[in-house]
Every structure is written in C-alpha cells, then in structure tokens.
Amino acid sequence: MARRRNKTPTRTQTVVTLLIMFGGLLFMTWAFTDPWRDAQNLTWVECEVMSAKTQRGGRNSSVPWYVAVETRDCGTVVYRVGTSQDNVEGVAAQFEPGPYEFKFGAVSQRRAQGGTLLGHAADAKDFRRLPTEENRAVSDVQ
C-alpha cells in the first residue's frame, strides 16, 4: 500500500485561508452588533402611513407577534414593542392612513431611507400620530 505524503500548505493557501477567516469574523461582528447599533442615535422620523397589519413571527422569533406598517416614504416599518397575541390587533388598529413619526435607531434610519444591503424593514421603537393638514386648519379656525 502506498503511503500518503503530508503536504504543507503553500504560502498562498495560508494567506487566502486567513483572509477568508478574517472576513467571516468581520461579517459576524457586524451582524451580531446590529441590535446594539440600532439602539444608538434615536431620532424621530416622519413617515406617511398607508396601512398596517398584524404579523406572526417564525417559530424561533424573539417576538412572535408584531405590526408591519406600510408607509409611502419609509418602506415597511416593523413595530414590536409590547406586542403579544392578545393586543397585536389593537395596536395595528391604532394606525390609520396619515402622517406619523417613528422613533428609529441608527440602523433603522438607514433602512427607512432604503440604504441597506439585505433590504430589512426599519424597526420602530415608538410612534406618534401627527396632525393632518385638515386637523391643523380646523384647530387654527377655532
């Protein structure tokens, strides 16, 4: 029987392997720090809401129920703060078409502007309805 010779890796193979490992490490660091980065620089961003519907997360989701809000200028916004199977319908019913402000972190602000690689939805920490032009006109008259 012939014996196998142990080949030592060439310098090129070693460099390529190290670059792949380093790139993977950078990607994993970027992916796992996403929630932390999204908690930085919280800012209110105005968006025009068109509709809202309840959604159920996957089997291993950290939040099994959430509200997906479709907006005209911010894409899809996900609101999951305090939602549960019992109250998610009520939270979704609060959204009527019109102007709202959503509190976004740093990552969600870029997502609302459409600047993400993976096309994820922006994650709102809070929301508030803004007065419409009609409501402003009525309150100015009174």
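- A pairwise comparison of heavy atoms in A92 and T54 identifies CB-CG2, 3.8 Å as the closest pair.
- Between the Q13 side chain and the T10 main chain, a donor and an acceptor come within less than 3.5 Å of each other.
- Under the 4.5 Å side-chain criterion, counting only non-hydrogen atoms from C-beta, T71 is not in contact with M50.
- Heavy atoms only, all atoms of each residue included: A122 and S108 are closest at CB-O, 3.6 Å.
- When all heavy atoms are compared, the tightest approach of Q94 to F127 is OE1-CZ, 3.1 Å.
- Of all non-hydrogen atoms in D73 and E48, the two that sit nearest each other are OD1-N, 2.9 Å.
- Looking at heavy atoms from C-beta onward, N41 lies in side-chain contact with T43 at the 4.5 angstrom threshold.
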Tabulate below the donor-acceptor pairs under 3.5 Å that side-chain atoms of residues 74-83 make, not counting sequence neighbours, or state none.
| unit_1 | atom_1 | unit_2 | atom_2 | d |
| --- | --- | --- | --- | --- |
| T76 | OG1 | E70 | OE1 | 3.2 |
| T76 | OG1 | E70 | OE2 | 3.1 |
| R80 | NE | D123 | OD1 | 3.4 |
| T83 | OG1 | W65 | O | 2.5 |
| T83 | OG1 | R80 | O | 3.1 |

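- Between the CG atom of L19 and the OG1 atom of T14 there is a distance of 11.0 Å, given to the nearest 0.5 Å.
- A salt bridge does not link R111 to D38: none of the charged side-chain nitrogens sits closer than 4.0 Å to a carboxylate oxygen.
- In terms of heavy-atom proximity, F104 sits nearest to C47 at CE1-SG, 4.2 Å.
- E101 is linked by a salt bridge (charged side-chain N to carboxylate O under 4.0 Å, His left out) to R128, counting only residues two or more places apart in sequence or in another chain.
- Within the 4.5 Å cutoff, side-chain heavy atoms of F95 are placed close to those of V67.
- Q85 is not listed as a side-chain neighbour of P64, based on a closest heavy-atom distance of 4.5 Å or more.
- Atom CZ of residue R72 and atom OG of residue S51 lie 10.5 Å apart, to the nearest 0.5 angstrom.
- In the hydrophobic clustering of ILVMFWY residues, with side-chain heavy atoms under 4.5 Å counting as a link, Y100 and V88 come out together.
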